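Fair warning: this is a prediction, and the values are worked out from it, not measured in the lab.
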Amino acid sequence: MLIKFNFIRVKKNLLLTFIFFLLIGLQNLCFAQNSFEKPKIFTEKEIKTGAPINEGSKFFAGDNPTFALPQFDDSSWKHVNFNSKKVYSWNPIKLSSGNVSKKNKIYWVRYYFKIDSTLLDQPLCLNISQLGASEIYLNGKKIESIGNIRLKEFKIKNKIPELFSLDNTDVNVLAIRFLPIIENKKKTVTISTVAISVELVSAHEFIKDKVALWKDFNFYTMLICGIFGALGFIHLLLFLFYRKAIYNLYFSTYNISISLMSYLTLLFSEMTDPLDLDTYTLASFLAVMLFGTSLTGFVNTLFGRTKKRLKVLLIISASIVLLYYFSATTAASFAFFYTCFVAFESFYLIIRAMIRREKSAFIVGGGVLVFFLFIVMVIIFMFLNKLNTIDINNLFGDDFIGYIFIFIFISFPVSISAYLGWQFASTNLSLVKQLDEVNRLSDINLKQEQEKQQILQDQNDLLEKQVDERTFELQKEKQKTENLLLNILPHEVAEELKEKGSSEAKYYDEVTVLFTDFVNFTQSSEKMGAEKMLVELNECFTAFDMIMEKHGLEKIKTIGDAYLAVCGLPLKNECHAYQTVLVALDIIKFIEERKKTNPNTLDIRIGINSGSLIAGIVGVKKFAYDIWGDTVNTAARMEQNSEKGKINISESTYQLVKEKINCEYRGKIHTKGKGDMDMYFVTKSQI
């Protein structure tokens, strides 16, 4: 009876399991397949950091130019998640004969999506990484090529993707023509686990984040490369001048290997041609082998009892390098185990030397132990992260692993430098003792003592001078900091922030807000190019800043090609509306004058509204002074309903300036979210 009962229970569990997986499969079938009837809808929040296109999309093995057309009927195509690891190298795609294609074959992917109204006319781009060559079509128009399919020129990515914008919320068709790389041999390393990945990203955020990321990454990578390269060169010179100190040679190669690995990291990050992978992989393999060889050489030279083990390890290292010529994958595996063995061997020798209280063991051993401790920590955390036990980024921050690797790189060289300093100090101490002995027997002892006193006095004077210089530098840096704070915040807000450490938002009942925006900015950007457009924006906004300062307006921020300013805060101004209109007239005059000498000058439209708002600081990190309220929104609507070369003001502003400014009544104009509003064009000042 017990056996029968257990059998029934097992059958019941199997049935429930089968039903569970069946429901999951049906759910994926119903909701994970992208089509014209069920397009993906992207929001501004999603694309800010990059929205991956990772749904089951229309997929076809074959080539036809009509596949890019929006009206093409793809109902017979398969649904495949082309961003999945399961389609790496596109091997799962079966041909009519049932075999996987061994030749270069072109594939098409069609993906349907919409954007919400907040993304209309906003600059967008596609962040694409791939193993092959592709052509990207949007609504039948080719917007970008990565590599060359016809010439079979493969490329991983474009450094700067092409920008585009959408002017409606209809269904858009993204068609990708893709030629993957068919590898004929197994690589030592693989660039990516998927053949192609695509993200829809806001162009502003992508360019801003990419510039900041590469600036910091390149700086720190080249800093590490330069520092360790210099250390390697210095210790190589020390070895050449004193050949008996063989540890200087090993320490030199150790630093050179770290410098080389840092430089190769930079090369890997900037690699666009997949054909460079083998070259970079070979260089990385040699750098790792040089690292392991120099580590075992240094530790064995200092703490090894016999040279036999070192000779054996050096022979093994040379054999692994030779093996790379015959089998790169096998050599890489042996290199990994060789490096691990060398690391544990070094750990053992240092611990043994510390137990035996050998000279300098605690100096070198401390740094090396920290080195191994951090390595073990990285392995443990990455293992736990792999098991989803912890999330490293959420627990310690995005830069945790980076800081760990910095400690790993620094700990061992610092300990070696301390050892060399100790050795140099020991040598100097021995010389000083001998000198004291000579001085004791010499009749010039008094003179030497006086010289020592003079040296101490000179050192004191030098230290006092250095203290004065450092104090002056600190004061100068403090002044720079204050000037920077005053440059990004109003003076009253900056003073409040310095005194209290925070600033509360305040309500202002009588202010005037000014919005400017360049006409056809996206089309002009595509025509002029990003660099020229940035130069044009910088020159125009610099001139706007001078105009704001002239008339007493407070610049709030720039949003892409839009410029936001306000008059009447933080200090009250009775003529806030009039001053703002004068600023708008000066801006129009500047643009007109600039057009005479610069044909690339963009047309501008301006909107002004008066009323009440709230102003203050947002956040506690990278804070910015900003304004909120319906007055700001209405000013934006005034700008949107203006025309090029025109200043559009609201009824509230008109009532404040009608005695001093000539205006042309436009009538009631329907405004999004506001209904019909009275609007006026400014013609000229009466004064």
**Prompt:** At what distance, to the nearest 0.5 angstrom, does CD1 of I587 lie from NE2 of H551?
**Reply:** 9.0 Å
**Item:** Flag side-chain contact, heavy atom, 4.5 Å: V566 against I556
**Value:** yes
**Item:** Audit row: L126, L138, side chain to side chain contact (heavy atoms under 4.5 Å, CB included) steps and yes/no
**Value:** CA-CA 11 Å; L126 293 171; L138 182 61; over 6 Å; no
**Prompt:** Parallel, tilted or perpendicular: which fits the ring planes of Y680 and Y665, with parallel below 30° and perpendicular above 60°?
**Reply:** tilted
**Message:** Give me the atom names and distance for the closest heavy-atom approach of R110 to A68.
**Reply:** NH1-C, 4.0 Å
**Prompt:** Salt bridge check: are E592 and K589 linked by an N-O gap of less than 4.0 Å?
**Reply:** no
**Asked** Are the side chains of V109 and K58 in touch, meaning some heavy atoms are under 4.5 Å apart?
**Response** no
**Prompt:** Does a donor on one side chain sit under 3.5 Å from an acceptor on the other, for E55 and Y111?
**Reply:** yes
**Prompt:** Hey, are the side chains of V513 and L613 touching, using non-hydrogen atoms and a 4.5 Å cut-off?
**Reply:** yes
**Request:** To the nearest 0.5 Å, tell me how far S165 OG sits from Q122 CD.
**Result:** 9.0 Å
**Message:** Working note: E144 + N158, criterion side chain to side chain contact (heavy atoms under 4.5 Å, CB included); need CA distance, chi angles, decisive distance, verdict.
**Reply:** CA-CA 9 Å; E144 188 172 9; N158 286 339; 2.9 Å; yes
**Derivation and outcome, side chain to side chain contact (heavy atoms under 4.5 Å, CB included), residues E536 and R594** = CA-CA 11 Å; E536 178 69 17; R594 186 173 177 82; 3.0 Å; yes
**Prompt:** Hey, is the main chain of R177 close enough, under 3.5 Å, to the side chain of S134 for a donor-acceptor pair?
**Reply:** no
**Fill in**
When T634, T516, I649 are each screened for side-chain contact (heavy atoms from CB on, under 4.5 Å) with I608, the one that passes is I649
**Request:** State the CG-CG distance between L166 and L120, to the nearest 0.5 angstrom.
**Result:** 8.0 Å
**Prompt:** Hey, does the side chain of N148 reach the backbone of L151 with a donor-acceptor pair shorter than 3.5 angstrom?
**Reply:** yes
**Asked** Between I41 and I115, is any pair of side-chain heavy atoms under 4.5 Å apart?
**Response** no
**Prompt:** Are the side chains of R605 and V519 in touch, meaning some heavy atoms are under 4.5 Å apart?
**Reply:** yes
**Asked** Is N127 reaching over with its side chain to a backbone N or O of E199, donor-acceptor style, under 3.5 angstrom?
**Response** no
**Asked** Taking the six-membered ring of F681, is the NZ or CZ of R666 close enough (under 6.0 Å from the centre) and on axis enough (within 45°)?
**Response** yes
**Asked** Going by distance alone, is a donor N or O of one side chain under 3.5 Å from an acceptor N or O of the other, for S652 and S610?
**Response** no
**Message:** For S642 and N648: C-alpha separation, side-chain torsions, deciding distance, then whether side chain to side chain donor-acceptor pair (under 3.5 Å) applies.
**Reply:** CA-CA 5 Å; S642 184; N648 189 32; 5.2 Å; no
**Request:** Could you walk me through whether T542 and N538 pass side chain to side chain contact (heavy atoms under 4.5 Å, CB included), step by step?
**Result:** CA-CA 6 Å; T542 301; N538 181 62; 3.9 Å; yes
**Request:** Step by step, work out the side chain to side chain donor-acceptor pair (under 3.5 Å) result for S612 and Y508.
**Result:** CA-CA 5 Å; S612 60; Y508 298 90; over 6 Å; no
**Item:** Cation-pi check, K40 onto F113 ring (under 6.0 Å, within 45° of axis)
**Value:** no
**Asked** Minimum heavy-atom separation for T169 to K114, with atom names?
**Response** O-CD, 3.6 Å
**Request:** Specify whether F541 and Y563 have parallel, tilted or perpendicular ring planes, treating 30° as the upper limit for parallel and 60° as the lower limit for perpendicular.
**Result:** tilted
**Prompt:** Is the F36 ring parallel, tilted or perpendicular to the Y112 ring (thresholds 30°, 60°)?
**Reply:** perpendicular
**Message:** Side chains of V583 and M548, heavy atoms from C-beta outward: is any pair under 4.5 Å?
**Reply:** yes
**Message:** Assess the residue pair F60 and W108 against the criterion (ring pair (Phe, Tyr, Trp, His ring centres under 6.0 Å)); give the C-alpha distance rounded to whole Å, side-chain angles, the decisive distance to 0.1 Å, and a yes or no.
**Reply:** CA-CA 5 Å; F60 186 82; W108 279 84; 9.6 Å; no
**Flag side-chain contact, heavy atom, 4.5 Å: N609 against T512** = no
**Asked** Which word best sums up how the rings of F72 and F67 line up, parallel for under 30°, tilted for 30 to 60°, or perpendicular for over 60°?
**Response** tilted
**Message:** Would the distance check show the side chain of N172 and the main-chain N or O of D170 forming a donor-acceptor pair, the cut-off being under 3.5 Å?
**Reply:** yes
**Message:** If you compare all heavy atoms of F521 against all heavy atoms of L602, which two are closest, and at what distance to 0.1 Å?
**Reply:** CD1-CD1, 3.9 Å
**Request:** State which residues pass ring-ring contact (aromatic ring centres under 6.0 Å, His included) with F590; sequence neighbours excluded, sorted by chain then number.
**Result:** none
**Prompt:** Can you find a pair of side-chain heavy atoms, one from Y137 and one from L174, that are under 4.5 Å apart?
**Reply:** no
